[in-house]
Structures are given as C-alpha cells and as structure tokens.
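Reviewing the structure listed below.
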2 protein chains.
Amino acid sequence: MVTPVAHPDANLSPELLKRIDAYWRACNYLAVGMIYLRDNPLLREPLREEHLKQRLLGHWGASPGLSFMYVHLNRIINAYDQRAIFLAGPGHGAPGVLAPVYLEGTYSEVYPNKSEDEEGLRAFFKQFSFPGGIGSHCTPETPGSIHEGGELGYSISHAFGAAFDNPDLLVAVAVGDGEAETGPLATSWHSSKYLNPIRDGAVLPILHLNGYKINNPTLLSRIPNEELSNLMRGYGWTPHFVEGDDPMAMHQRMAETLDRCLAEIRGFQQQARESGQASRCHWPMIVLRTPKGWTGPKTVDGKRVEGFWRAHQVPLSGMHGNPAHLEQLEAWMRSYRPEELFDEQGRLRPELKALAPSGEMRMSATPHANGGLLRRALRLPDFRDYAQPIGRPGTERAMNTRPLGAMLRDVMARNADNFRVFGPDENTSNKLDAIYEVSKKLWLCDYREEDADGGELSPDGRVLEMLSEHTLEGWYEGYVLTGRHGFFATYEAFVHVIDSMYNQHAKWLSICEDIPWRARISSLNLLITSTVWRQDHNGFTHQDPGFLDVVVNKNPEVTRIYLPPDVNTLLSTVDHCLRSRDDINVIVADKQNHLQYLDMDAAIKHCTKGIGIWEWASNDQGGEPDLVMVGCGDIPTKEALAATALLREHFADIRIRFINVVDLFRLQPAGEHPHGLDDADFDSLFTKDRPVIFNFHGYPWLIHRLAYRRTNHRNLHVRGYKEKGNINTPLELAINNEIDRFSLAIDAIDRVPRLQVAGAHVKERLRDMQIECRNYAFEHGVDKPEVDDWTWPY
Amino acid sequence: MVTPVAHPDANLSPELLKRIDAYWRACNYLAVGMIYLRDNPLLREPLREEHLKQRLLGHWGASPGLSFMYVHLNRIINAYDQRAIFLAGPGHGAPGVLAPVYLEGTYSEVYPNKSEDEEGLRAFFKQFSFPGGIGSHCTPETPGSIHEGGELGYSISHAFGAAFDNPDLLVAVAVGDGEAETGPLATSWHSSKYLNPIRDGAVLPILHLNGYKINNPTLLSRIPNEELSNLMRGYGWTPHFVEGDDPMAMHQRMAETLDRCLAEIRGFQQQARESGQASRCHWPMIVLRTPKGWTGPKTVDGKRVEGFWRAHQVPLSGMHGNPAHLEQLEAWMRSYRPEELFDEQGRLRPELKALAPSGEMRMSATPHANGGLLRRALRLPDFRDYAQPIGRPGTERAMNTRPLGAMLRDVMARNADNFRVFGPDENTSNKLDAIYEVSKKLWLCDYREEDADGGELSPDGRVLEMLSEHTLEGWYEGYVLTGRHGFFATYEAFVHVIDSMYNQHAKWLSICEDIPWRARISSLNLLITSTVWRQDHNGFTHQDPGFLDVVVNKNPEVTRIYLPPDVNTLLSTVDHCLRSRDDINVIVADKQNHLQYLDMDAAIKHCTKGIGIWEWASNDQGGEPDLVMVGCGDIPTKEALAATALLREHFADIRIRFINVVDLFRLQPAGEHPHGLDDADFDSLFTKDRPVIFNFHGYPWLIHRLAYRRTNHRNLHVRGYKEKGNINTPLELAINNEIDRFSLAIDAIDRVPRLQVAGAHVKERLRDMQIECRNYAFEHGVDKPEVDDWTWPY
Ligand SMILES: Cc1ncc(C[n+]2csc(CCOP(=O)(O)OP(=O)(O)O)c2C)c(N)n1
Ligand SMILES: Cc1ncc(C[n+]2csc(CCOP(=O)(O)OP(=O)(O)O)c2C)c(N)n1
Ligand SMILES: [Mg+2]
Ligand SMILES: [Mg+2]
C-alpha cells in the first residue's frame, strides 16, 4: 500500500526552518573541519597553525550542496516514513556526505573511536584524506555508501540498480553537472524507461547545477533553463527547479519541491499498484542550482571563489605562514556558529539531532547500502538437469550457450524478485532466449501490433536490454550492491566498453574485503560471448579477447576467469558462479555450434579441478610424454585436439599429453592467486622439461604473464590471437593467428627433438593442407566440410 | 563567403523524382546483391541456387535507409555546390554505403577489377563479407569512409572532429537509433556546443529511426515525437522530422527537408562569418523514420520482416534447398527493376549516373576522407627552447608537464588552423595551462561576469574541454582522420574509459597499413598524466596504470609507449610524437614536481636510444656489475636511484649498473616490435646472468610479458603497482607496492649472491627505515622531508 502525500505542504515553520538550517550549518562546519583541522575541532580556542593539517586535501566545492540534499531528504524520511538511500555522483564531495553520516550517529556506531564528542570529532577530522585514514570519496568505508563516485558517470545507473525490486525504497541520487557530461551518465537518464512502478522503487535524481567542474563551467549550467528543461523532458523526466543562494529561501523551496516530488512519486506508484497496470511514468527530478562551494569564502586574495570553479578543492590554501588566510579560515568556520550547534561534550544538540531519522531509517544505516545483509542465496535448479548428453568425447556438436539459457530461465522462475538478466540487445543473438519463456524483456515504452509475434516484450519482464553496456553494468552493480543477484552476457569485443567500470567495481570489492561490517554480496557474473574466433560476419572490429588482460590486473582475491570449452563445463561453471560471493566472475564461452567433450560427471570433476589431463585425448599413460598439448577455450581446444590427432596419425609412436584449462588462474603460482596451482602440481602436469604447446583463446602473452615463474616456462609455447583478422572463415582466422591444427602440429614437430628432422616431410604435407584449406575458403566462402565436421578419431 | 540557400525549393520535378528513386533502387538492388549473389549479378538469367553464396552474411536492415540518405545528399551536393562527407554510424549497414560508392565510380577507380560492368559487379558482389574480400562494415577499405561503425557510439563525435576547421565542409552523419542508446553517443549530441560557425564546417546528424536494433525496438522510436523533439531541442538542436514508408512521398519530404537544413546551416554560417561574431547555433538535425529493411520482404514464412527487427541481418535465409525462398529473393530483387537501371554492359544508365557528383565532390572521393592527402606537417618550434636547465643529475626538481604546456602553446600559435588540444576539464590540473596564453578554451554557451578573471574561455578558443573522454577521443580521431593534428592529455586512471576506442582506432590504423591508396595520417598522441604514484588526494579509484596492458595487445606497427622520466625527455618525446604518422603514441608522465636527470643534449640521446645506461648513476664502468637496477617512469626511476644510493652507501664495493627505459617497446624482441632491441644489445645491457631489479611504473607483469624471451629473463625481478592503495603519501604508496627505495635495496641484497648473508644487518636497518617512514606519514600526513627532498648524492 502506498500512502499518498495528500497535501504536500512543506511550508516550514520558522522554528523548523531554523533547525534545518542549523543542521546544515553543522554539516558544513564538519566538512570544513575535515579538510583543514587536526586539532581544536570545536574552535574552543582561537585557531592556530598547529591545529591545521600539513597537507590540505579534499573537495569543498561539491560538499555543501550534498549536505543540503541530505538534510532535506532526512526531513521527508521522517515526515512521510519513507525509506531512502543516498548516492553521491560526485563522490569527491565526500565531506558533504560524511558530515551528516557522522551527525546522525552511524559513523560512531561503526567506528567507535570516532565517537560523538570532541575527542571523536578530532579523530574524525584528522583521518579524512589522511594516510592511514579514509579516502576523499564516498569509499566503501563510508556507511550508507554503495557508490564511491571516484570515476564519474555511473550514479544514475547505480541508483536504478538499487531501486529495482525494492518497491518501498526511494533512491536519491546527486548528479554532478560535470558528471552529467560523461557518456555513461548522459544515456543513463533513459533508465526511467525501465522502472516498473509496481514492483520497483523510485529514483529521484537531483542534478546539482553548481555550475562548475574542476576548472570549467559546466555545459548544463550555461544553457537556458528552458533548454535544460526540454532535455530532461526529452529524457522522460518531469524537472523541478530549485535555484538560489539565500539559505533560508532555499530551504523553503527545497522542502516544498521534495514534498511535491514525493507526492508525484507516490501518486504514480499508487495508481500503478492499485490498478495493477504498470506503465512508463514521467518521474520527477530536481535541478538544484546553487553556488559551487556555497557558504564558503566569497573571495580569496581578491579572486572569486564561492560560485566559481576555484571552490572545487581547497578554496583557501597556502595556510602555513599566512596569518591572513588563517584568520579567514577561522572566520569562515565560525560563520557556522559551532557554539550553537554542539554541546559541551561536542555532541550535536538534541533538538538538532532530532531532525535525523533513527535506526535503519537513517540513509547511512539502511541495510540496502550494505546489501549483503539483505542477500538471500538463490534457489537454484540442479544444473545437471540441463546436461548435454555426450557419446564419445569430441564427436558431437551443440551450441554452448543454449542450455545455459534454459538454466537461467529456471533460475529466473525460482527467484522472481531478486535475480535479473542484463544484456545489450544480444540475448537472442547469444542464444539465451529460452529465458523469455518465463520472463520477457521489460518494455514500458510504446507497443506496436507486430510486437505480439516475436517481440518478447512485457511491462513486467525481468530481462533488461538496452544498447548501453555502461547502463547495464551500472544497473547490475547497483542491484548486486543492494543484495541481489544477476547475470550479464555481452559480446567479447565490446566488453572493453566497460573496462573502467570493471576496474572500479573490483577496487570496491577489494576494499570491502578489509571492512568487517560490510556483509558479503553476490559476485558479478559476466558472460563474454560472440568471441573472437567466430566473427564470420562481423570481422576485425569484433575481434578482441583483451578484456582478460584488464581483469588479471586487479586484486586476485576478487577476480576469477573461466573458459569452459563445452556445454557441460559451462553449466557447471555458471552454477558455481551463481553461488559465489564477493568476486567478479568472467566466463568466456562462444555461442555457436561447438564440439562437446565431457559428460556432466566428467565436466563437474574437470571444473572442480579447473585444469586437468584429458585421459581420452592423451596417449602418454604410464610414461613420459614427448609433448604436452594444451587447449584453453572452445575453439582453441578443438584445434589443439585436431593437431594432436594429426600428430598421432603421422607419428605412430608419439606420446602426447592433452591438458585443458577451464580456470585460468590455475596457471598462476599459488602464492599469487587463491586458485593458483602449487608448483609441484603444475610441474607434474606440465612436466619440467617437455615442450608444451598452449593453444589459448586470448592474446598469447597473457599466458606468459601468468606462468612465467613456472619451472617449465622456457618450453612453454603459446598460441593465441595476434590481431590478424578480417572477414574470415573460422579456420582461416585460426590459420592467420597460428592457432589452427596445422600450425600447432608443425610447431610440435619443431619442438619435439626427435621429430625435428624426421618430421620434415610431414611438415610439408601439413603446410599443403593449410594452403588448400585457405584456398577453399577463398573460393567457397566456407571451410572445407572435413575440417568443419572434424571429430576426435580415437 | 557563404552562398545562402535563398529559396529552398526542393519540389522535385516528376522527372527528377523518378530518377532519384531509380538511383535509390539501384543502391538497394546492389545491397541485396552483395549479401546474396556470387553470380548472375544482373539477373539476366532466372535466379538459381548456384548463383547464391553458400553463407549469407551482411546486414540488410540499415542499408536502404543509408542509401536513401546518400542519394539525397548527392542531390544537395550538386544543387548547392556543397562539399560533403558521409559517416554511417551503424557501419554494419555497409551495403547501403558501398552501393552508392560503387555507382558513382569511385570503387572501380580504386579497385579496377571491381569495374563498372557485369564482370566487375559480379566481383563486387562476391567479395562482400567473403573470405579474402572485404568486411561487412564501413572498413578502411571503403573509399569515403573515416568511420567503420563496428563498435557503436562514436559517429557524432567523429563527425565533429571532421568538421572542425573545415569551414566549407558539410559532415552528414547517420546515427542508428540503437546506437543512440549508447553512452558515448548520448553525450556527443552536446558537441554542437563546440562548433564555431565561422571557422568550422557543419554537422548534419540524421537520426535513423528505423525502429529496431538486433532483436529489440529502440527507445527513441517508441516515445512520442514531442518527447523526442524535446530531447533534441534540449541537446541544442533544431529537429526536422521526415517520416513515412512511401518512397515517392519520402523523396519529396527528404529533399525539402535537406534544402531547409542546408538553408539554416548556411544562414547561421553567413550571419556569423559576415558579422565576425561566433555564437552557439541551434543547428538543424533530421529525424528520419523509415521501416527497418525498407523495400525488403514484408514477411517471410508468415513472419513480419520489413519494419521489424527480423530485417536486421539477412531477412531471407535458409535459401539452399528452399525454392520458395529462392523465388521470393528473385521477386524481391526484380522489384527494383534492374533492367531499367543498368545498361547492356551492366553499367548504371547515364541519366542516373548524372545524379552523382563528380570528382572530389563525390563523398566517396573527398580527400577529407583520406586525410593524409590533406595533411600538412606541423610547423614546430624548437623543443630545445623549453629545456629545463640541469645542474648535477638528480638534484633539482621541476613539474614535468609545465614546460610541455609552453611548447604546446607555441605549437598552437604556429598551426592555428590544424592543431587542437583536447582535455576533460583537466588541462590546468595537468599543468598545461600555458597554452591558454595563445588560445583559450572554446566556449559558446552563456558567459558570466566572473569568467573574465580566470575563466580562460573564448568563442574562438581552440582548446576543447568537455567532461567526456569519449567525446574528446572521438573528436580527436575525426580531426586526425581528416588530415589534422592534435594532443590529448588525460588522467591515467580514466583513460580506461576509452580503452575500446583505442582498440578500434588501432585496428583502423592497422588495416590502413595494407591499403596503398590511404595516405598516412598524423599519429594520435595521448598524454597519460596524474598518474598512479601521485594520487595523494584522490586515492585508490584514481590508481590504474593498466591502459598500457591494453595498448600492447594491438598491432606493433601502430603502437608506441613512452615513459619519459623528466622534463627534457618529455619534451624530446613529444616533439618526436608530433612528427610521427600512423601510430598511437602513449606518453606517461606525471604532472607533479619531480627530480630532473638529463640536460637537453643527454635527453635527446637517451630518447633516441629509448633505453640506456645512465653513466652518472652507475659504478660498474670497466667491469661486470653485481646488479642491474632499472627505472622506468618518473617515480620508479627516483626510487630506483635512491635504492642504488642506499646500496652503494652500505656496501662500498658493490657495482651497480643503472638503466632507464623511456621507450617501453625496446624491451620486446626486435622481431616482435619495430622498436624492439635485438638480443645482442639487450644481453649486453641487461647481462646474461646478473640479477636485474626492474622498477616499473605500471603493473609489473607487463614487463615479463614483453621480455619473457630474453636470455636473462629468469633473473628479472620486476616491481610495479599491485593494487595496494588508498589515501597515501607518495612514499607510503611506494612502500605498499614495494617499489620504494628500501624494498628495492632489500630485494637487491636478496638477489646478489655475495650479499645474501652479509647483507642481513643492512636489511634490518632498511626495514626499520621503512617503518619509520610509514609512521611519520601516519602521524604528519606527509613524507619525511629527507625522503621528499632526497637527491642523488654522487
Ligand atoms: C571519468 C572521469 N573523468 C575525469 C575525472 C576527474 N574529475 C574529478 S572531479 C571532476 C569535475 C566534476 O564536476 P562535477 O560533476 O560538476 O562535480 P562538482 O561540481 O560537484 O565537484 C573531474 C573532471 C573523473 N573523476 N572521472
Ligand atoms: C558498443 C556496441 N555494442 C553492441 C554492438 C552489437 N550490435 C551490432 S548492431 C546492433 C544494433 C544496432 O542498432 P541500430 O543502431 O539501430 O542500427 P540499425 O537499426 O541501423 O541496424 C548491436 C547491438 C555493437 N556493435 N557495439
Ligand atoms: Mg559541478
Ligand atoms: Mg535501428
């Protein structure tokens, strides 16, 4: 039941107005304190140089605006019993968030030595942006934060992720007017087209038009209001402008506007929930135009600061040895009248404290911002039920991702309110469309007659498809950070679009590992498909397996990479990933028809080990191999097997060990990654001295980077993608990059000492076959049937 | 002088209308032919299965719309003598671009065996999306293309790059309605706020509302026109809607609208050019709403195709063994009435051919699309003039990027119409602000009084700053691809935002290497600054040197990485980069105060070698070293030097060779990168058996990836960033990641056999010093002065 905001009437009484302003002054006071002070936190003594930090770090400019929003949101939380969470897009304005978080007591609860008294305040000030302390953004250490705001652009998409399937939640999100210029932010306004007013909560964006970035005015603050209003309406929102610099007038306006916005929000929700009809809403949003560095120094050394870009970081600097500046700082701080705000002990006065919500209603203490607390494990079907029946290994074909679609469908069916699938218009292309049997694609815009046959659209679909990898990734992160689960499938080449988002999320998780009060959240599961080796119709621009090179640089505690070669290993891998926590799981698997190798039992064992000898493809049992052949990835595994067969065909007595790698980090030493194989195991698999031909899905150098410390590294010969591509048949592309069966067999002949001379004739034959294959492709546009239909012969 | 379009009157005569439609039918016919046929290109015989390609690849859906635009643009080129270039956002619609390119003769001029006759047409059809042929996007092989359109999102930013400083050019750009959902595209509409109507050309976006993506409707096609119109007006454009599916009516509407748009464009230009007053214009743009796969099969097997997502790729498939489909294809192709379009020889009939512009006025033959033809080398000042005077190496400090700002200022002054500097609101932060002395930041939005003091804004500034790395990179690429020069400086952590753009540009350049008719263009110069080691006030989110790991995966012919450690090496490096062609130069250099090492003479020599022994820092002259110490990057070099000094202080007889690496690819074998050092040189520098401690700017594994084939690799111990960061002082961050002087010295003691035991006491002392330093930082928030002020003592 939605309680309507019947008569929005925020005509604040003079008394309330005064208290709200006092609370805000307290926030601003603290923000300045954090940036400048290491002592004398309540200005009980005249300010002296030794009270100051030696290096002044932090961003003042955004802070007063953020606190202003926070304080006013507090009012509506109390007035309307509204659960809320707050995201600060320009997270560098952390002082403006940390201040109210401290004032409402959460900070001291989480960090007892930052107590609510003078001593605690001193520690709170000193630690800010200080070595051994906390960062200058809304880092994971900040109670209530799910959005650090270090890299700009993702605040709105994160906010929507938080709002999905949280019908009672209001997600307030401050968007920097600079941030709004980034691509990811600019398209994320369209997220409102994916918000279902029945089952989802609301997102209230507050575009913070403080006019400036670091050194420049912002575009959106320097166009006429009407144009900006058009823009927001064009994006599908209903803008409300709150503009000015007189605090008292602004409090009134902001309060009124927030009331109105909440009334609109609840109106939409009520109508949809009572009628059961979800439709697209033109949700309210706020344009808050206030001076950058509001209430800070107007000028410093004759230069304009408040309301100009100079307010961005530390507006008054060069304090040491500059008594005039020291004096100006003191005057500035005293302008907030701390003595009216804090009691003898240094605690916020009770009548002010009363303005904050209490318990979990505090935005800093909402469990939504510590999503692990709310996370329920998924109810998973038995992944074995989707198994691909397998006869002899390497003799049958199937589309690797199809059965996964069926499995995801059933995961969706069992977890209707806490699991979502994300994809940039590619789920059908990626053969995951079975999922639409239980849940359509969410669509709230106009419908056409033709949608009925094959559109797979519905206003209550739970699959989210938009052509923005950024927005999807942002939604997914927000969803997971607030305690839910999901799955994201995307083309391999274009996952690079979100490299930087991956980096930032990995950093977030990495810090969380060391924060005891952060409960563990679901892992992020990325399926990387439509891979480099099958770009028959898209060509060179769609060939890029380099995301893995980005992935491996992040903290090993939170990074996982899997390359399951067939259906059953893929199913087993995904089942594992859906259960895991606090990681980013990157799963590489192509969507086309591929040879199948392992039945479900074998697949489970193989995936559990992560790397292993394939007995059926090896003939070195009971002896030492002449050669170790390794496949990692679907196509590379097939070619490595075909090369093995070619070699065995041509050299009756050759002994080859065949290894497949699913879990890429098994290659790293145990001390470097939790999944790393210890040296003894590695040496027994890869031998200490035999040639190893390693056929890899990605750029070959990655394998050297992972395995360079291993005993047998000098005999490790890696083949992989080398940027030799165009419009090619699969085999032709393999040949160009030398991961094809012929190149591998030739390579083996060169590496196995006793074949080096004896193998010359065979090498010639292999080269001829390679040329024939290439010519056939040029002539017919497809690969030779005997290559395409090749199966494992033993 | 701008000729105004006085009475836009495109009421096409019935005769012209008929011809335009015929020309468009010819385009559509060719597009279908490219996708399906390998023989019988003019349907002179009944269509039989063997005329078809075996695999049907290509994207029909976007094609008719793209041709429609092209044909109509041809009309205004002729009617108004308007130079134009065409960019296809959804480059997968290449058939719709290749067709008119072929029909206007350019294709045959560039590729003589694709002649304008039946034989040429057959070859033209067969090669499309065929092994050994051309790709299915607007690849570099496509005459007239500067935008491949494989990865979606960059069409508008590329278009603006092409328009800058080309006052007579009209850049027409088709934007996919799916593409428009991407972040980069969504913010790039703001580019019009950076277009100066006096000195720049015009950009005419045509938003192609064909309603669908691969499998989904598009957002912008399913909101009311009024909302879309608001959006475009909000972005600052004047939208014109052209909607329908009846070709004849649509030709009229499109012609009228194009006339009107050109009139508006020339009106703005004339007014600005005659008055000399540049102001922001609300440029026209077109919303073209036509069915996806327009004129293609309405239904196939009872399923809707035209005007639905099913038209995206090959609308009629499964041709082999399906006579009904074959018949439908033939009927479809014959619906274009090829016999009316082509003469006996298979050439477009002369009355149709007459519709195309001729010579360089053809969009496929404009030299702007082969920018190297227009490129003039920069007039460069002597970079030696900005040299930092150096006393003893390693004893003085300077901000590395400041003098570069002065040099760029003078480059700008000398090349006022073909050099631009791009930056995301960070040029001042990056200490390049000297450039504003000759050219301000372009600003065409509103001005405020305060801008006068420190705003550095001007309507004719040539420095472009917007908070969108995507848009900047897109502008820069478009600018360079059309024959000009530039420089882009950005924060190291956030260059990952454009990883995928880097990848795509590298792929473009890589293909161009093999296209003889593509003239060489200026390199892309990326300065990566505000680096990982100096994130004192931003912390962990701003620490990410991993862009280099992305860079190294691309074709070595087009990739370069430089890490100049001081002012003079940076100046010399940038001078080199500004002269180079066809590469992407990545230059890593921090902006803070750093120790200076080389005077200009030494710097030039060092940069020319790219790697070298620093004699003044080595004491192994005339003998073999105990240890090779390597620095690569500014801070790592300083710490490596300090470690060298510590070791020499503690072990009087230790002999250390000091190497610095500027050109990272020197580490790769000569066979793998054109800058690779040959093995003999590498071995004599790094020895064959001595321990090497390599202190690296980035992730340490990158060095192993580059050098794993080298003789002495097993003794190579690399230190670099390992994701251990937070709010740190510089030394503390170095310690956390073990690139600090103490860790390096300890490492050296462990690696040099004769110190392993004898060094134990020293190791203890070093560890104590490390702890003291860290505690000092925690206490004071800054590094110990003796560390901060450390200078090279010998
Ligand atoms: C993607 C990205 N590019 C660049 C930066 C560097 N940066 C930090 S703050 C800032 C300006 C932000 O302006 P705005 O969003 O308006 O925030 P506010 O005015 O509230 O400080 C920039 C460019 C960044 N953090 N992220
Ligand atoms: C960044 C990116 N993500 C995903 C894709 C995969 N993709 C190729 S075409 C396409 C749909 C494009 O739709 P639209 O721009 O409307 O083009 P059109 O309708 O003209 O074919 C998608 C999602 C891509 N090429 N680039
Ligand atoms: Mg701002
Ligand atoms: Mg479309």
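Heavy atoms only: backbone and side chains are in, while hydrogens, waters and symmetry mates are out.
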Please give me the minimum heavy-atom distance between B/P217 and A/L457, naming the atom from each residue.
CG-CD1, 3.7 Å
State whether the side chain of A/Q504 and the backbone N or O of B/T541 hold a donor-acceptor pair below 3.5 Å, judged by distance alone.
yes
What closest approach, in Å, do B/Y447 and A/R222 show between heavy atoms, and which atom pair accounts for it?
CA-NH1, 3.7 Å
Can you tell me if B/N216 and A/E465 form a side-chain donor-acceptor pair at under 3.5 Å?
yes
Check whether B/Y721 gets within reach of chain A through its side chain, its backbone, both or neither, counting any heavy atom under 4.5 Å.
side chain
Nearest-0.5 Å distance, CG of residue A/N503 to CZ of residue B/F540:
10.0 Å
Taking side chain as everything from C-beta outward and backbone as N, CA, C, O, which of these in A/S188 sits under 4.5 Å from a heavy atom of chain B? Side chain, backbone, both or neither.
neither
For B/V550, is it the side chain, the backbone, both or neither that has a heavy atom under 4.5 Å from a heavy atom of chain A?
side chain
Evaluate ring-ring contact (aromatic ring centres under 6.0 Å, His included) for B/H542 paired with A/H92, printing each intermediate quantity in order.
CA-CA 11 Å; B/H542 286 52; A/H92 51 269; 8.7 Å; no
Among A/G546, A/G539, A/S129, residue most engaged with chain B (heavy-atom pairs, under 4.5 Å)
A/S129
Kindly say whether the aromatic ring centers of B/H496 and A/H496 come within a distance under 6.0 Å.
no
Using the six-membered ring wherever Trp is involved, compare the ring planes of A/H713 and B/H713 and label them parallel, tilted or perpendicular (cut-offs 30° and 60°).
tilted
With B/K724 via salt bridge (Lys or Arg N to Asp or Glu O under 4.0 Å) - residues at least two apart
none
Pairwise distance CD1(A/I727) to NE2(B/H137) - rounded to 0.5 angstrom
8.0 Å
For B/W508, which atoms come within 4.5 Å of any heavy atom of chain A: side chain, backbone, both, or neither?
neither
Per-residue tally against chain A (heavy atom, under 4.5 Å) across B/I511, B/L733, B/L56, B/L185 peaks at B/I511
All heavy atoms of B/L467 vs all of A/E181, minimum pair found to be N-OE1, 2.8 Å
Whether B/D425 side chain and A/N215 backbone form a donor-acceptor pair below 3.5 Å
yes
Bottom line for B/L228: the part with an atom under 4.5 Å from chain A's heavy atoms is neither
Between B/S429, B/G133, B/S468, which residue shows the highest count of heavy-atom pairs closer than 4.5 Å to chain A?
B/S468
Proximal component of A/S221, with respect to chain B [non-hydrogen, under 4.5 Å]
backbone
Where on B/K193 is there a heavy atom nearer than 4.5 Å to chain A: the side chain, the backbone, both, or neither?
side chain
Region of A/F547 in contact with chain B, defined by heavy-atom distances below 4.5 Å
neither
In terms of heavy-atom proximity below 4.5 Å to chain A, should B/R774 be classed as side chain, backbone, both, or neither?
neither
Non-hydrogen atoms of chain B under 4.5 Å away: do they reach the side chain of A/E450, the backbone, both or neither?
both
Relative to chain A, which segment of B/F128 carries a heavy atom at a distance below 4.5 Å: side chain, backbone, both, or neither?
neither
To the closest 0.5 Å, what do you measure between CG (B/L219) and CH2 (A/W443)?
4.5 Å
Report the option among A/R280, A/H470, A/E732, A/H59 that has the most heavy-atom pairs separated by less than 4.5 Å from atoms of chain B.
A/R280
Nearest 0.5 Å please: distance from the OH atom of B/Y235 over to the CD atom of A/E227.
12.5 Å
Looking only at B/I134, B/V552, B/I214, B/L220, the option with the highest number of non-hydrogen pairs under 4.5 Å against chain A is B/I214
If one checks every heavy atom of B/I703 against chain A at 4.5 Å, the contacting part turns out to be neither
What part of A/D433 gets closer than 4.5 Å to chain B, counting heavy atoms only: side chain, backbone, both or neither?
neither
So what's closer than 4.5 Å to chain A heavy atoms on B/F130: side chain, backbone, both or neither?
both
Holding to salt bridge (Lys or Arg N to Asp or Glu O under 4.0 Å), I want the full list of residues that pass it with A/R38, two or more places apart in sequence or in another chain.
none
B/N538 portion near chain A, given a 4.5 angstrom heavy-atom threshold
both
Examine whether an atom of B/E151 lies under 4.5 Å from a heavy atom of chain A, and if so say whether it belongs to the side chain, the backbone or both; otherwise answer neither.
both
Examine whether an atom of A/L702 lies under 4.5 Å from a heavy atom of chain B, and if so say whether it belongs to the side chain, the backbone or both; otherwise answer neither.
neither
Could you tell me which non-hydrogen atom of A/G781 sits nearest to which non-hydrogen atom of B/P131, and how far apart they are?
CA-CD, 3.7 Å
Checking B/E449 against chain A: side chain, backbone, both or neither under 4.5 Å from a heavy atom?
neither
What part of B/K213 gets closer than 4.5 Å to chain A, counting heavy atoms only: side chain, backbone, both or neither?
both
Going through the distances and angles, do B/L231 and A/L231 end up as a side chain to side chain contact (heavy atoms under 4.5 Å, CB included)?
CA-CA 5 Å; B/L231 184 63; A/L231 184 63; 3.9 Å; yes
Heavy-atom closest pair, residues A/K126 and B/F778
NZ-O, 3.6 Å
Considering only heavy atoms and a distance below 4.5 Å, find which of A/G698, A/A186, A/G153 pairs most often with chain B.
A/A186
Distance (rounded to the nearest 0.5 Å) between B/N230 CG and A/S229 OG:
7.5 Å
What part of A/E141 gets closer than 4.5 Å to chain B, counting heavy atoms only: side chain, backbone, both or neither?
side chain
What part of B/S136 gets closer than 4.5 Å to chain A, counting heavy atoms only: side chain, backbone, both or neither?
both
Interatomic distance, B/N553 atom CG to A/D544 atom CG [nearest 0.5 angstrom]
7.5 Å
Any salt bridge between B/K507 and A/E723, counting N to O under 4.0 Å?
yes
Quick one: closest heavy-atom pair of B/D453 and A/K303, and the distance?
OD1-NZ, 2.9 Å
Between B/R714, B/K441, B/H190, which residue shows the highest count of heavy-atom pairs closer than 4.5 Å to chain A?
B/K441
Using a cut-off of under 4.5 Å for heavy-atom pairs, which of B/M501, B/Q543, B/R709 has the most such pairs with chain A?
B/Q543
I'd like to know which of B/R310, B/K722, B/E456 tops the heavy-atom pair count under 4.5 Å against chain A.
B/R310
Give, as side chain, backbone, both or neither, the part of A/W189 having an atom under 4.5 angstrom from any heavy atom of chain B.
neither
